[in-house]
Visitor: 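Here it is, the structure, as structure tokens.
Just so you know, these numbers come straight off a predicted model, no measurement behind them. Chain naming here is simple, since letters A, B, ... match the order of the sequence lines and numbering starts at 1 in each.
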Amino acid sequence: MAVVTRAVKGTHDLFREDLAYHRTLLNAARRWLEAAGADEIATPIFEFSEVFERGVGASSDIVQKEMFTFTDRGGRALALRPEGTAGVVRAYLEHGMKVWPQPVRLWYAGPMFRAERPQKGRQRQFHQFGYEVLGAGEPELDAEAVALSYWILRGVGLNRLSLKVGSVGDREDRERYNAYLRELLTPHTARLSEDSQRRLETNPMRILDSKAEPDRKLLEELKVRPMLDFLGPEAKAHFEAVQERLRRLNVPYEIDPTIVRGLDYYARTAWELHHELLGAQSALGGGGRYDGLAELLGGPPVPGVGWAVGVERTVLAMKAEGLSPAPEPPLDLYIVALAAELVPEALRAASRFWPELRVQYGVKPRKPGKALQEAERKGARFAGLLGPDEAASGRLTVKHLRTGEQRTLDIEEVKEWVRGGGS
RNA sequence: GUGAGCGUAGCUCAGCUGGUUAGAGCACCGGUCUGUGGAACCGGGGGUCGUGGGUUCAAGUCCCAUCGCUCACCCCA
């Protein structure tokens, strides 16, 4: 097959049923997030590479090997966004949103790009929607964010969810914990998997969620203490307050002491929403607090908390639970000319219904039997026949396909009948 | 980046140990049916069997390479 007829690896066309799932989910997200007082924001899908290098963290996998980067004609280093938060925080700083009443609640939806090997639940272009609360650090905001991410997914009908909440502490806490892990594990380096030996250098916390058998066994034997034991008094109090608010909101969560974030900007609260029926990529969404991010981008300190949900993964979960997308409104009327010379009149007739009603016309003349068949196959509620008699009188013969009731009416009368649903 | 599995029509697939012009169902177009549908029947279009090379009298079928897809690892949504 010629290469131009194929979408590039890891990208997909969205239409019909799949797009209907996306739309159903996005509508639910919009409804919840705007109900919570969030403003929608649409940031560019590419930014200066630095926004992500400094924001997400130059050492992170996302920046090191998963970014689509390019240079524009002026030699500027740009990158397709691999995630949404860094761009939103950049926009907050650029537009001086600190003068808005704080905190500022923003939500967004759109495509993200990561140059990874595709697999189930992972694509090179995928879609996320997300929520960010900037300018305040109260634990209520963490709980609000967690709850909204959970409720949106519950709201589209998902049941087999698990919400895992943890805390990665403040920077000093993480440094102490990583030092502890290095000290504990270095004597056993030889027993660690190759990947984990590397992690011991770069980010020892990642060893905790390794899936490699030798790592799991070693961690078991050593009785490694969880990150939560290393929280400083403030981070600890914050984590407990967040949990108290979640219980108050009746959001069922479990504490996951091993929760780790791939993005460097997180601090304190971190959570993930997983789905039980998915494969290796079971995280539908995740979020956390990122109080240091604004400074990394060169702004003043701005506390923030937020999350993102992967649309494609959530759609997989919906399908796994047998959920259907919200049905699309059907075609109201399908108009067919009974003779070739009447096709232009079918176009004109159809146009008189737009945009109040969904009306399509056939570009080929059909005999009445075929015309009704075609209208049926188009999913129309009504079929309109335009023959010589109708053309002469400026009317249309319209049949309600479900009841079989048929009337010959002028356009205005048809509008009324069709809008009334055929009663 | 690493590993494994799979590539036959728009879709789902059949094609036995290599053996005439590569098939079915669905979908599409038309007819039976010249002003009344969903059905049935009949017919039609659509394939360089992913691509290239090799073995053989003969390759969709066997071998090699390559490309693509899928799943998993890494990591993440």
Side-chain angles (χ1 to χ4, degrees), chain A residues 1-3 5-12 16 25 56 59-67 81-85 109-130 149 153 193-196 198-199 202-203 206 209-213 215 259-263 272-275 278-287 307-317 334 336-339 342 364-380 382-390 397-406 408:
Chain A
M1 197 179 286
V3 72
T5 64
R6 203 158 41 217
V8 332
K9 185 200 287 286
T11 70
H12 296 279
R16 297 236 163 145
L25 183 54
V56 179
S59 69
S60 68
D61 274 21
I62 287 181
V63 168
Q64 274 197 326
K65 50 185 199 189
E66 294 168 8
M67 272 213 298
R81 64 183 183 193
E83 57 94 48
T85 303
M112 305 293 163
F113 306 84
R114 293 185 198 173
E116 298 179 280
R117 192 84 164 252
Q119 69 185 78
K120 185 176 185 181
R122 187 160 71 195
Q123 304 168 193
R124 291 187 169 184
Q125 175 176 340
F126 60 102
H127 298 79
Q128 290 185 331
F129 59 87
S149 65
L153 296 181
S193 69
E194 207 177 308
D195 285 325
S196 288
R198 182 173 44 77
R199 293 186 185 112
T202 57
N203 192 352
R206 292 216 148 278
D209 66 348
S210 168
K211 288 170 197 161
E213 194 51 40
D215 297 345
I259 209 156
V260 188
R261 298 271 69 148
L263 284 50
E272 289 174 3
L273 272 156
H274 288 264
H275 193 264
L278 259 43
Q281 315 301 331
S282 69
L284 301 187
W307 49 262
V309 162
V311 175
E312 282 82 356
R313 281 190 190 174
T314 303
V315 168
L316 285 176
Y334 185 72
V336 186
L338 300 183
L342 295 174
K364 301 249 187 264
R366 300 285 184 217
K367 294 167 189 167
K370 284 287 178 198
L372 295 176
Q373 207 172 82
E374 201 165 272
E376 189 71 47
R377 302 215 49 250
K378 291 274 186 182
F382 291 84
L385 301 185
L386 182 60
D389 301 347
E390 289 83 359
T397 295
V398 175
K399 183 162 188 169
H400 190 194
L401 290 167
R402 187 166 51 75
T403 65
E405 187 182 353
Q406 179 171 307
T408 298

Visitor: Does A:E66 reach a base, just sugar-phosphate, or nothing at all? Heavy atoms under 4.0 Å.
Guide: sugar-phosphate
Visitor: Just the rounded figure in Å: distance from P of B:C29 to NZ of A:K367.
Guide: 15 Å
Visitor: Nearest to the side chain of A:Q128, heavy atoms from C-beta on, is which of B:A77, B:U70, B:C73?
Guide: B:A77
Visitor: Go ahead and name the base partner of B:G45; Watson-Crick or wobble counts if both distances stay under 3.5 Å, otherwise write none.
Guide: none
Visitor: Please give, in whole Å, the distance from B:A77 C1' to A:H275 NE2?
Guide: 15 Å
Visitor: Rounded off to whole Å, could you give me the NE2-to-P distance for the A:H12 and B:G68 pair?
Guide: 14 Å
Visitor: Give, for atom CE of A:M112 and atom CD of A:E312, the distance between the pair rounded to the nearest 0.5 Å.
Guide: 11.0 Å
Visitor: What contact category does A:T397 fall into here, base, sugar-phosphate, or nothing, at under 4.0 angstrom with non-hydrogen atoms?
Guide: base
Visitor: Which is true for A:E116 with a 4.0 Å heavy-atom rule: it touches a base, it touches only sugar-phosphate, or it touches nothing?
Guide: base
Visitor: Which whole-number value in Å describes the distance from A:E272 CD to B:C76 P?
Guide: 9 Å
Visitor: Rounded to the nearest 0.5 Å, what separation is found between the CG atom of A:L278 and the NZ atom of A:K120?
Guide: 6.0 Å
Visitor: Work out how far the C1' atom of B:U61 is from that of B:G38, and round it to whole angstrom.
Guide: 43 Å
Visitor: Walk me through whether A:R313 and A:F126 qualify under side chain to side chain contact (heavy atoms under 4.5 Å, CB included).
Guide: CA-CA 9 Å; A:R313 281 190 190 174; A:F126 60 102; over 6 Å; no
Visitor: Determine whether a donor-acceptor pair (one donor, one acceptor, N or O, separation below 3.5 Å) exists between the side chain of A:R313 and the base of B:C76.
Guide: yes
Visitor: When only distance counts, do a donor and an acceptor, one from the side chain of A:Q281 and one from the base of B:A72, lie under 3.5 Å apart?
Guide: no
Visitor: Mind calculating the distance between CD (A:Q119) and P (B:C71) to the nearest angstrom?
Guide: 7 Å
Visitor: Closest-nucleotide mapping onto RNA chain B: is A:R122 or A:Q373 further toward the 5' terminus? I mean the 5' end.
Guide: A:Q373
Visitor: Determine the interplanar angle of the A:F129 and A:W307 rings, folded into 0 to 90°, and report it as parallel if under 30°, tilted if 30 to 60°, perpendicular if over 60°.
Guide: perpendicular
Visitor: Taking atom types as they are modelled, is there a donor-acceptor pair under 3.5 Å from the base of B:U36 to the side chain of A:Q406?
Guide: yes
Visitor: Suppose we define a pair by two distances each less than 3.5 Å, Watson-Crick or G-U wobble; what does B:U2 pair with here?
Guide: B:A72
Visitor: Write down the distance between CZ (A:R16) and C1' (B:A27), rounded to a whole number of angstrom.
Guide: 11 Å
Visitor: Send over the distance from A:L338 CG to B:U34 P, rounded to a whole Å.
Guide: 13 Å
Visitor: Using distance alone, with no hydrogens and no angle criterion, decide if A:E390 and A:T397 have a side-chain donor and acceptor under 3.5 Å apart.
Guide: yes
Visitor: Classify the nucleic acid contact of A:P388 as base, sugar-phosphate or nothing, counting any heavy atom under 4.0 Å across all strands shown.
Guide: base
Visitor: What nucleotide among B:U70, B:G35, B:A77 has an atom nearest to a side-chain atom of A:E390?
Guide: B:G35
Visitor: Just name whichever nucleotide pairs with B:C11, Watson-Crick or G-U, keeping both distances under 3.5 Å, else none.
Guide: B:G25
Visitor: In whole angstrom, give me the gap between the C1' atoms of B:C6 and B:C29.
Guide: 33 Å
Visitor: Measure from CZ on A:R124 to P on B:G68 and round the result to the nearest Å.
Guide: 10 Å
Visitor: Using Watson-Crick or G-U wobble geometry with both distances below 3.5 Å, tell me the partner of B:U66, or none.
Guide: B:G50
Visitor: Identify whether any heavy atom of A:K9 sits under 4.0 Å from a base atom; if not, whether one sits that close to sugar-phosphate; answer base, sugar-phosphate or nothing.
Guide: sugar-phosphate
Visitor: Kindly point out which of B:G35, B:C67, B:A77 is positioned nearest to the side chain of A:R6?
Guide: B:C67
Visitor: Counting the atoms with a prime plus P, OP1 and OP2 as sugar-phosphate, which does A:G369 contact under 4.0 Å by heavy atoms, base, sugar-phosphate, or nothing?
Guide: sugar-phosphate
Visitor: The side chain of A:K370 lies closest to which of these nucleotides: B:U36, B:C74, B:G31?
Guide: B:G31
Visitor: State the pairing partner of B:C57; accept Watson-Crick or G-U wobble contacts with both distances under 3.5 Å, and report none otherwise.
Guide: B:G19
Visitor: What's the gap between B:G47 and B:G10 when it is taken at their C1' atoms, as a whole Å value?
Guide: 12 Å
Visitor: Using the C1' atom as the reference point in each nucleotide, state the distance between B:G18 and B:G1 in Å, no decimals.
Guide: 39 Å
Visitor: Checking side chain to side chain contact (heavy atoms under 4.5 Å, CB included) for the pair A:R124/A:V8: CA distance, chi angles, key distance, verdict?
Guide: CA-CA 9 Å; A:R124 291 187 169 184; A:V8 332; 5.9 Å; no
Visitor: So which one's nearest nucleotide on RNA chain B is more toward 5', A:L284 or A:R117?
Guide: A:R117
Visitor: What's the separation between atom CD in A:Q123 and atom CD in A:E116, rounded to the nearest 0.5 Å?
Guide: 11.0 Å
